[in-house]
Every structure is written in C-alpha cells, then in structure tokens.
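Sequential numbering from 1 along the given sequence is applied to the chain's residues.
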Amino acid sequence: MLAVAFAVALLVGAWMWTREPSYSVLFSNLSDKDGGQIITALQQQNIPYKFSEGGGAILVPANQVHDVRLRLASQGLPKGGQVGFELMENLKLGSTQFAEQIAYQRGLEGELARTIESLAAVSGARVHLAIPKQTFFLRDEQKPSASVLVSLRPGRVLDAAQVAGIVHLVSSSVPQLAPADVSVIDQDGNLISQQSDPTKNAGLDPSQIKFLHELEASYVKRIEALLAPIVGADNVRAQVTADVDFSQTEQVAETYKPNSAPENAIRSQQTAESSSTTANAIGVPGALTNQPPVPATAPITTPPAGAPPGTANASIGYNAPVNFNKNSTINYEVDKTVLHTKGVPGTIRRLSVGVVVNHKKGAEKDGKPGKPIPLTDAELKQLTALAREAVGFNQERGDSVNVANVAFAATEKEIVPELPFWKNPDVIAFAGEAVKYLVFAVIVYLLWTKIFRALFEMFATAAKRIEIEQATQAEKAQEALLHPHQGPSYDTKLQQARDLAKQDPKIVANVIKEWVGGNEPR
C-alpha cells in the first residue's frame, strides 16, 4: 500500500508539474497600499499569484494577465498612490470652508500628478501648489506658485519641450499662475525648468538639432537607395554633414527709379490763367486829363493782327494795355518699390558628402570566394555623378562630394557564425515544454512497468493461490465430515472443521442442511 501511495503521489506531482502555467508580471513598482488592495482582489477572485524575487512585482499566469488587468481597472486599481478629486466626494456635511479648500487643493495636486505620470519617461510625480488667500487690496495680492518633482525611468530624460509642456500644464490648471513661477526638479534634485534668456542663446535648441539630424539622414538614405542596386546593399556607406543657417533675418528696402518722359505718370495737374486791362492816361496833365473819356464814335479801327493787347486805338485816341498771368502746377507719381524680405531659418549653406563603396567580389574558385576587384575609374566617376545628383550638388554653394572605393573589412556577421538552432530561444522554450511531457511519460511508464504491473501480477497470483488453498481445504473438510472415522484424530478434524467454517461458511452450511434434511452420510 505504501508503494501504491508513493506511486500515485509521484504521478500526481508530475502531472501538476507539467501543467504548471508560466507566470508574467501583472504590476510592478506598486505602493504598499495599492499592492495590498490588489492582493485582496486576487484572493477574492481565486486567481493564483506569486511575487518576484525581492517583491518588486506581482506575477499571475501569463494567459490571465490581460483579463486580470481589465478586472482590476474596473475596480479602480491600482490608484497610483495619488488622491484626486475623489476627495470632494467624501466631504462630510458641515465641513468648513477651510477644509473644503484644503481638499480641493489636494485633489488638484493629485490630478496634476496623475497626468504627469502618464508621460512615458516619468515613473512618479509629486505636485505642490502654494495658493495664497485672496485679498481685496491689490498691494497685498500675492501670485500662486508651484513645485513639481518628477521621478524618471532608468535611462530616460526629459528634453526642453517636454519640461515646457509640464510647466504650461501646471500653470494652465491654476488661475493666475505664471509659467515662470513653476519649478520642476528631477529625482536627483536637479532643476530642469530654468527659464531661458532670449538674449543669451548659447546654441541650438533640440528642435533645430533634430531637424539637422533628419536632414542629414534623409540625404544618406537617398545616396544609399540610389547606389545600393548597383553595388549591393551591404557594399555602400555614406555620411553627410550639412551646414545649416538657422538665423532668421528681416529686411525692408525702398527703391526709387527716375520718372522718364515716355513713362511718366501725372498724379495731379493744376492750371490758373488771369488777365486785366488798364487804360493809359493821355492828353495834357491837368484837370481836363482826369475827365472821363469821350464816348467812342464810329468808325472803330481794329488793331492789326499780331498787335499786343492794349494797342493804341486810333478812334479813341489812347492805348489799352492788358496784364496776362498763367500758372501751371503738375505733380508726377514717384516710382517707389518697397521690398520686405523675411529669411526662413534652416537654409543649407554647404553640404559635405562622403561615400565609401566596397570592391566587387571576384569569381569563386573551388568553392572559395574570389579576390575582391576594385572599381574602374569610369565606374567610380559614374557613382560620383549619381551621388551628386542624389544630394542636389551645388558648386556655387561650395558643396563637396567624395566617393572612395576601398575593400571593406570582414564584418561581425561574417566572422561570427550563425546561432545554432539548439541555442535559439524559441527552440529552447519548445524543448523545455517537450521535456516536461517526456519526463511525465517516462515516470508513467516506469510506474506501470516497475510498480503497478508487478503489483497487479502479485495480486492475481496471491488471489489464485488463495483460491486453490480454499478449494483444497474445503475438499478435505468435506471428506472429513463425510468419513469421520478415517483420517486424522478427532481434535485435528475438529480444528479443520472450525477453520473451514471460518474460511468458507457456505460449505459448512450445506453439510448441515444435508444433515437436517435426513440425508445420512455414506
């Protein structure tokens, strides 16, 4: 029985070992409060779990990870260790205004911290708001301020744009909070939200550096995409250095051109003419001279053609001079050109391109690779022309393109042999699962051949031997009852009858039944 129990226990243990699921991380880096709530929820749902080494993560079966996460998310777990506006839901009736203000500030800090923690590079955040009490006097008014502590994930950093985003997120969430009053520090205590002085631009900002790298990478991609079909994808390497002008200039120019006669444009013209006639005094000076002239009498003599106004009239006997005045003002349009030019930053001032092309592979001899063959001058010249066209070569700009043909050194891929299939992680995982089932099959086979089959044979042999012995004893007892005077002594026969009655009461009952029926033994 001990052997059978041991065999069954071994069989059950092997089966459970083969069916043991692989565990995956459910959550990691949890606070103690969130971890306790998650463990309680897992126990209530009868979900197996265990902890990783050091207790930094909670592990559940791999096939239940996503299902468990959704179930816990429906319960609001994990909460992240931060409290938000749910504090406002737990306010009791009769709370003071001060308690409500403190709860609102704590909720706002928690909501901001949760929002900042949603960034990929941030593992944790704390937000502290200093909101002064409102006053009705402008001279006593104080502006709010904020402090943010971010814990970054290993190997991650926040660039200037991300820090500015955090600053503006906090400043936009608090009334009258200026971005300059928000301080952001990392887990090492470094201030990462220093306001940049526009008058002190020490270098390029991250966006300009990113643009420069993308520009150079695009040129490299063009060159390799154009030359790879000719020399092979692994036989060409290119590098591009771009000199980019990120300065932004504005220029306003006014140009005046002479207004020539054929193309002159009159803007306005004004002409004024006036004339007056004055009678000259004639005769002898005296009182008679000042008398009115004698009325004119016919015939009237017309002045000759071409005579100026005021020519003497023979009929009246005096001259009539005329004063004639003519003024003319002409205003011409000014030919003026106003040119407003605004330079776009990111202008390429110069490109420097370097291209390296591998030698051609020689013909194989006896299964061995041939000796590399250098390119000819014509081929190298053709590749240089293609590289120039790929980058938009401009000689006036000072661009330079150099294409060199050298033999490449053996790469790591050529030196290191390929990974054998038995070292492939997928093969190792499959082999591990196969070994589990193979070991279980071997255990079942050994248990059957060495224990169970031997036990069954032993039980069958023992049962057959007992049956033969019982039949033999029954025959002897029956013979002793039928012939009491023959054979062994009375005591021996009595003992045999007792043993027979114990082992097979049916035989004794049949004998007694025959006695009672009146059948006498022969």
Quick one: are L152 and Q187 in side-chain contact, heavy atoms under 4.5 Å? yes

Applying side-chain contact (heavy atoms from CB on, under 4.5 Å) to T241 and L351, what does each step give before you reach the verdict? CA-CA 6 Å; T241 302; L351 286 177; over 6 Å; no

Could you go through H359 and L375, starting from their C-alpha distance and side-chain angles, then the distance that decides it, and tell me whether this counts as side-chain contact (heavy atoms from CB on, under 4.5 Å)? CA-CA 6 Å; H359 285 178; L375 300 177; 5.8 Å; no

Can you check whether V122's main-chain N or O pairs, donor with acceptor, with R156's side chain at less than 3.5 Å? no

Backbone of F393 reached by a side-chain donor or acceptor of R388 within 3.5 Å: no

Give a yes or no on whether the backbone of S151 and the side-chain of S123 come within a donor-acceptor separation of less than 3.5 Å. yes

Single hit among V182, V167, V148 for side-chain contact (heavy atoms from CB on, under 4.5 Å) with S193: V167

Cationic N near anionic O, under 4.0 Å, R114 to E117: no

Passing candidate, side-chain contact (heavy atoms from CB on, under 4.5 Å) with V355, options L227, V220, N405, N402: L227

Grab the two heavy atoms, one from L177 and one from P144, that are nearest each other, plus how far apart they are. CD1-O, 3.0 Å

Strictly distance-based, threshold 3.5 Å: is any side-chain N or O of S118 a donor or acceptor partner for the main-chain N or O of T115? yes

Treating Q251 as the side-chain partner and T341 as the backbone partner, does any N or O pair qualify as donor plus acceptor under 3.5 Å? no

Salt bridge flag under 4.0 Å for residues K360 and E379: yes

Which pair of non-hydrogen atoms, one from V60 and one from Y49, has the smallest distance, and what is that distance? CG1-CB, 4.2 Å

Determine yes or no for a side-chain-to-main-chain donor-acceptor pair under 3.5 angstrom, with R153 supplying the side chain and A120 the backbone. yes

Quick one: does Q162's side chain have a donor or acceptor within less than 3.5 Å of a partner on D159's backbone? yes

Q105 side chain vs I131 backbone, donor-acceptor pair below 3.5 Å: no

For N190 and I192, indicate whether the former's side chain and the latter's backbone hold a donor-acceptor pair under 3.5 Å. no

Of all heavy-atom pairs between L72 and A41, which one has the smallest distance, and what is that distance? CD2-CB, 3.6 Å

Provide the closest heavy-atom pair for F408 versus N358 in the form atom of the first, atom of the second, distance. N-OD1, 2.9 Å

Test log, rule side-chain contact (heavy atoms from CB on, under 4.5 Å), inputs I58 and F51: CA-CA 5 Å; I58 300 176; F51 299 97; 4.1 Å; yes

Ionic contact status for D377 with K381, cut-off 4.0 Å: no

Side chains of R349 and T347, donor plus acceptor under 3.5 Å: no

About how many Å separate CD1 of I223 and CG of L226, when rounded to the nearest 0.5 Å? 9.0 Å

Any sub-3.5 Å donor-acceptor pair from D399's side-chain atoms to N394's backbone N or O? yes

